[in-house]
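The model shown is predicted, which means the values in this text are computed figures rather than measured ones. As the structure lists them, so they are numbered: ligands from 1, and atoms in each ligand from 1.
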Amino acid sequence: MPEQSYRTWLAGSTAVGLSDDELIVEAPSDFHVEWVEDKYGPSLRDILRKLSGRPVSLTFQACAQSASPDELRSPMVPSLEVSPSTTTTGLRVEEPRADGHGFDRRTPSAKSAPSLNERYTFGRFVVGNNNQLAAAAGHAVAERLGRVYNPLFVYGGVGLGKTHLMHAIGHEVIERGPHTEVAYVTTERFMNELVSAIQTGTTRDFRRRFRHIDLLLVDDVHFLEQKESTQEEFFHTFNALHDAGKQIVLTSDRPPKELPGVEDRLVSRFEWGLVVDIKPPDYETRVAILQKKAFDDDLVLDPDIIDFVARSCTSSVRELEGAVIKLLAYSSLRNEEINLTLARTALQSVLRPGALSEGPSVSAERIREEVARNWNVKPDGLASKRRTKDVMIPRQVAMYLIKEMLDESLVRIGRLFGGRDHSTVIHSIRRVQAEMHEDDDFAHRVNRIRQKLEA
Ligand code: ADP
Ligand code: MG
């Protein structure tokens, strides 16, 4: 688990009761209990069972005095201010990124709007039958902040453009009024910030931060499910902003009514404004997205290729984008133009995972070399014990790819990288997965290496 998650969620917990078949763990607050149960409960139980060799039940409870923020500030609870220095375990903890998803830690500044992705603009958002209403509502909201649909609630499946649309609204608002305060926050980050504020007794500051905001974008509110304390805080934030006529935009993977773990009063607020969905793109929209992408990125894609990709990838825009990247990778690796034969080969693996495993197999050695080359470091550096940043990321990526492509055991992977233990390997792999999830460019980079190795 990432060091910071450990510090936030587990470091403040203590075992307070242990019998043959039960372990009772006390966490700093109800909020911690809720979170740890939800996120880590299953894996903790799994580990516990492995360690003890028999079923042991695991119960979390909040400290009796968890209500007072002052007591939460006791040394037992580590501060969230994690510096990017080396910690006791020797793992480097990185600062939260300000480029992608998440609440910007500095005072939100409209001019820089650092938490908005530059590529997620209306200019790059293709409008089709599937998202027409959502896009129109987005424009309307950006034009008349807080005066039309408030909140605007956008829902739809994964990879269909909810986050993109939300950022686009943010960009447009800033363009129209450079002094407007815009904040983008994922629901997960909202929770983390809240916990941090509770731990450090700064919930007042936490609340005050939202007072200046003219447009609050909250992504993926379905993560509020079952998180009572976060819902409570979110409810107050929502009310404060809404009462002040500030605009709120929310996204979710489901409509408000289908969020059973969210309190009724919140659900009803979610429905106060406009609830609008984004559906998977139809064939014409997929073609338009591919054409736009080709144009924006200066690619030449013949109509028959576009047609082929649009027919092959039907589930989401993200899948379409993945297919184009795959085509490009194949084409440059084989030094061939993109034609139908190449597209068929390239996309076969998209359509049929595992199709490539029949091909020539890749060795761990090759993976390490390829990753090292991509990061411009020496392959030996990856195998060494060095902890400098230049080799750390490629080393983690190489571990990840060896696991994914060769399904090597963690212990063996550890050996390949200077005798690291399996927990370090797991940590590295998870880091890469998390980063790929957060950062599209990074994900593409890793996938390109993989495709190159598979080709
Ligand atoms: P969601 O938040 O719904 O899971 P995202 O907003 O992250 O989806 O979109 C996934 C990818 O697809 C992003 O790279 C995004 O830019 C792209 N995308 C989604 N919808 C569109 C669209 N209508 N036009 C162009 N690109 C889109
Ligand atoms: Mg999203």
Side-chain angles (χ1 to χ4, degrees), residues 97 99-103 115-139 142 152-172 184-191 216-224 249-255 258-259 275-299 301 306 309-310 313-328 350 434-448:
R97 295 158 357 115
D99 56 343
H101 313 257
F103 201 91
S115 50
L116 296 180
N117 183 328
E118 300 215 326
R119 291 158 41 105
Y120 290 175
T121 59
F122 272 121
R124 282 178 176 262
F125 193 76
V126 175
V127 179
N129 289 330
N130 61 314
N131 60 16
Q132 205 166 24
L133 196 57
H139 278 297
L152 173 62
F153 189 102
V154 181
Y155 72 91
V158 178
L160 296 184
K162 302 181 297 295
T163 300
H164 187 141
L165 177 63
M166 186 173 237
H167 285 222
I169 296 171
H171 285 300
E172 183 158 321
Y184 167 81
V185 63
T186 62
T187 300
E188 203 157 3
R189 178 57 72 97
F190 183 89
M191 278 190 254
L216 177 64
L217 307 163
V218 186
D219 211 354
D220 293 331
V221 295
H222 51 270
F223 286 125
L224 282 173
V249 179
L250 310 163
T251 70
S252 159
D253 66 356
R254 274 156 289 161
E258 288 171 30
L259 296 167
V275 176
V276 59
D277 70 342
I278 299 188
K279 293 192 182 67
D282 54 19
Y283 172 78
E284 286 75 17
T285 311
R286 297 200 295 276
V287 167
I289 289 171
L290 290 167
Q291 284 168 339
K292 174 108 182 92
K293 190 147 184 61
F295 180 81
D296 285 346
D297 298 350
D298 263 336
L299 315 170
L301 293 178
I306 290 194
V309 177
C313 305
T314 54
S315 69
S316 75
V317 184
R318 196 178 288 287
E319 192 193 3
L320 279 180
E321 292 186 335
V324 172
I325 287 163
K326 200 139 202 171
L327 283 186
L328 293 177
V350 173
E435 190 66 17
M436 286 177 74
H437 191 71
E438 287 266 320
D439 181 342
D440 285 347
D441 290 341
F442 180 79
H444 290 160
R445 186 173 183 179
V446 174
N447 286 329
R448 270 197 299 272

How long is the gap from CG on Leu328 to CZ on Arg448, to the nearest 0.5 Å? 9.0 Å

Protein heavy-atom partner closest to atom 17 (C) of ligand 1 - residue, atom, separation in Å: Glu321 OE2, 3.3 Å

Among all protein non-hydrogen atoms, which one is nearest to atom 23 (N) of ligand 1, and what is the separation to 0.1 Å? Val126 O, 2.8 Å

Answer yes when Arg318 and Asp440 have at least one side-chain N-carboxylate O distance shorter than 4.0 Å, and no when they do not. yes

Decide whether the shortest distance between a heavy atom of Gly156 and an atom of ligand 1 is less than 4.0 Å. no

Heavy-atom pair of closest approach, residues Phe153 and Ser252: CZ-CB, 3.4 Å

Considering heavy atoms of the protein only, find what lies nearest to atom 7 (O) of ligand 1 and give residue, atom and distance to 0.1 Å. Arg318 NH2, 2.9 Å

For atom 16 (O) of ligand 1, find the nearest protein heavy atom and state the residue, atom name and distance (0.1 Å precision). His164 ND1, 2.7 Å

In this structure, atom 4 (O) of ligand 1 is nearest to the protein heavy atom Gly159 N, 2.7 Å

If you round to the nearest 0.5 Å, how far is OG1 of Thr251 from NE2 of His164? 13.5 Å

Please write down residue, atom name and distance for the protein heavy atom closest to atom 8 (O) of ligand 1. Gly161 N, 3.0 Å

Taken to the nearest 0.5 Å, the spacing of Leu250 CG from Tyr155 OH works out to 14.0 Å

Could you tell me whether the side chain of Glu188 reaches within less than 4.5 Å of the side chain of Asp220, counting heavy atoms only? no

Close-contact set for ligand 1 against Val158 heavy atoms, below 4.0 Å: 4 (O)

Give me the residue, atom name and distance of the protein heavy atom closest to atom 27 (C) of ligand 1. Val317 CG1, 3.3 Å

Any atoms of ligand 1 less than 4.0 Å from a non-hydrogen atom of Arg124? List them with their elements. 24 (N), 25 (C), 26 (N)

Got a sec: is Thr163 within less than 2.8 Å of the Mg ion (ligand 2) via an N/O/S atom? yes

Value for CG (Leu133) from CG (Asp277), rounded to nearest 0.5 Å, stands at 8.0 Å

Counting heavy atoms under 4.0 Å, the part of Asn131 that contacts ligand 1 is side chain

Please state which protein non-hydrogen atom is closest to atom 2 (O) of ligand 1 and give its distance, to 0.1 Å? Thr163 OG1, 2.7 Å

Value rounded to 0.5 Å, distance of CD1 in Ile289 from CZ in Phe125: 8.0 Å

Are more than 12 heavy atoms from other residues, nucleotides or ligands located less than 6.0 Å from atom NZ of Lys279? no

Would you please determine whether Gly157 falls within less than 4.0 Å of ligand 1 on a heavy-atom basis? yes

